[in-house]
Amino acid sequence: MIVCFMEKSMNFFEVIKEGFVRTFIKESRYEMLLEGLGNTLKVTLFATLMGVLIGSIVAIIKVTYKQSAKPNLISRILNAICETYTTVIRGTPVVVQLLIFYNIIFAYSDQAVLIGTITFGINSGAYVAEIIRAGILAVDVGQMEAGRSLGLTQGTTMLHIIMPQALKNILPAIGNEFISILKETSVIGFLGVMDLTRFAEKVITRTADVFYPYISIALIYLVMVMGLNYLVKKLEKRLAKSDRR
């Protein structure tokens, strides 16, 4: 019975080994994997940075408009643009946005990675804007009044007093947005970009095996997300300690 169990175990490991070799080693397919992983991380990182930049600008414009007693014409126009932007972007699927940017707005460009980064950055900016706006509104209104009483303008007070406090509160949420973008980039293969999902599809066309490629990229995404979740939790604990101090 023990011998039979050992034989079955050996057969199981042989099957696993064959699947690994077939998916990653033959024809140097690991190079496609590394390229796909690199593109995934590149798009995720730069899209997140772009989203934070856009989100910060949009959030400041919307909060400034709301807090202004008598907003001027420029403030009203900017607020209307920001409201339209967040409504449209949050109200349409990211896949549709990706196809519109690639096939219509940048129809004459072949820089699919760049187009994907811009699309995800713009999409993320709409959600980050609401995160930052909530963070700004969570800061005590007396902070703005204190800044204005010291002779600072509303913009200077917002930039140097309100925003640092708001960003400290929303950093964990920004980390979660980074994780969300990482998972959302799995659809960038629609543009023909070699990402993790595209890698799996190419391996499937050559091996006719769907199990190992899909399970492999699922595990890779899972490991990356778990790692980022760990970092976000560490950040939350550190911020909580600094708040107690």
Side-chain angles (χ1 to χ4, degrees), residues 23-24 28-59 81-82 84-132 170 173-206 210 213-229 231-232:
T23 303
F24 299 107
S28 299
R29 289 170 189 155
Y30 66 89
E31 294 179 356
M32 287 195 301
L33 172 66
L34 294 176
E35 181 185 355
L37 180 61
N39 285 333
T40 296
L41 294 175
K42 188 190 306 180
V43 172
T44 301
L45 175 62
F46 288 106
T48 302
L49 294 175
M50 184 178 173
V52 170
L53 177 61
I54 295 174
S56 299
I57 295 172
V58 172
I81 293 173
C82 291
T84 303
Y85 160 71
T86 53
T87 300
V88 172
I89 297 299
R90 296 176 72 194
T92 54
V94 67
V95 176
V96 176
Q97 295 168 17
L98 200 63
L99 295 175
I100 290 174
F101 272 84
Y102 185 72
N103 294 302
I104 300 176
I105 299 177
F106 296 106
Y108 298 101
S109 174
D110 59 352
Q111 300 295 321
V113 174
L114 179 60
I115 295 171
T117 302
I118 292 173
T119 304
F120 285 111
I122 291 174
N123 179 270
S124 175
Y127 293 92
V128 172
E130 294 305 306
I131 294 173
I132 295 177
I170 64 172
I174 298 297
N176 289 325
E177 177 64 17
F178 185 85
I179 294 172
S180 296
I181 295 176
L182 174 64
K183 292 185 289 185
E184 288 174 355
T185 56
S186 60
V187 300
I188 200 174
F190 279 98
L191 308 187
V193 174
M194 177 59 72
D195 69 324
L196 292 176
T197 306
R198 187 74 172 174
F199 157 77
E201 292 174 350
K202 281 185 173 294
V203 171
I204 290 169
T205 59
R206 298 179 185 182
V210 298
Y214 283 148
I215 294 299
S216 297
I217 64 168
L219 290 174
I220 292 172
Y221 273 113
L222 179 61
V223 169
M224 290 193 293
V225 169
M226 288 176 64
L228 290 173
N229 268 324
L231 294 177
V232 170

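- For the pair Leu37 and Phe199, the minimum side-chain heavy-atom distance is 4.5 Å or more.
- Across all non-hydrogen atoms, the minimal contact from Thr86 to Ala129 is CG2-CB, 4.5 Å.
- Judged by distance alone, with hydrogens and angles left aside, the side-chain atoms of Thr185 form no donor-acceptor pair with the main-chain N or O of Thr44 at under 3.5 Å.
- Across Met50 and Thr117, no two heavy atoms sit closer than the pair SD-O, 4.1 Å.
- The two residues Ile131 and Ala173 have their closest heavy-atom pair at CG2-CB, 3.7 Å.
- Between Ile188 and Phe120 the shortest side-chain heavy-atom distance falls below 4.5 Å.
- When atom types are taken as modelled, the side chain of Tyr85 and the backbone of Ile122 share a donor-acceptor pair closer than 3.5 angstrom.
- Among residues two or more places apart in sequence or in another chain, the side-chain hydrogen bond (donor to acceptor under 3.5 Å, both in side chains) test is passed with Thr92 by Gln97.
- We find the NZ-OG1 distance between Lys183 and Thr40 to be 14.0 Å, quoted to the nearest 0.5 Å.
- Annotation for Tyr127: atom OH counts as buried by contact number, over 12 foreign heavy atoms lying within 6.0 Å.
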Full working for side chain to side chain contact (heavy atoms under 4.5 Å, CB included) between Leu182 and Leu228: CA-CA 10 Å; Leu182 174 64; Leu228 290 173; 3.6 Å; yes
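- Taking the side chain as every heavy atom from C-beta outward, Val203 and Arg206 never approach each other to under 4.5 Å.
- Residues Ile132 and Ser56 approach most closely at CD1-OG, 3.3 Å, considering heavy atoms.
- In this structure, CD in Glu130 is found 11.5 Å from CD1 in Ile170, a value given to the nearest 0.5 Å.
- Among all heavy-atom pairs drawn from Ala200 and Ile217, the shortest one is CB-CD1, 3.8 Å.
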Test log, rule side chain to side chain contact (heavy atoms under 4.5 Å, CB included), inputs Tyr221 and Thr197: CA-CA 10 Å; Tyr221 273 113; Thr197 306; 4.2 Å; yes
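- Side chains of Ser124 and Glu177: a donor on one and an acceptor on the other come within 3.5 Å.
- Under a 3.5 Å cut-off, the side chain of Asn123 and the backbone N or O of Val94 do not form any donor-acceptor pair.
- Side-chain contact check for Met224 versus Leu196: some heavy-atom pair is nearer than 4.5 Å.
- Shown here for Ala126 and Ile89, the closest heavy-atom pair between the two residues is CB-CG2, 3.6 Å.
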From CA spacing to verdict: side chain to side chain contact (heavy atoms under 4.5 Å, CB included), Ile118, Phe106: CA-CA 11 Å; Ile118 292 173; Phe106 296 106; 4.2 Å; yes
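- Although no hydrogens or angles enter the test, the distance criterion places a donor-acceptor pair under 3.5 Å between the side chain of Thr205 and the main chain of Lys202.
- Considering Val95, Val43, Leu99, Leu98 in turn, Leu98 is the only one that fulfils the side chain to side chain contact (heavy atoms under 4.5 Å, CB included) rule with Thr119.
- Considering only heavy atoms from C-beta on, Val96 comes within 4.5 Å of Pro93 through its side chain.
- To the nearest 0.5 Å, atoms CG (Leu114) and OH (Tyr102) are separated by 12.0 Å.
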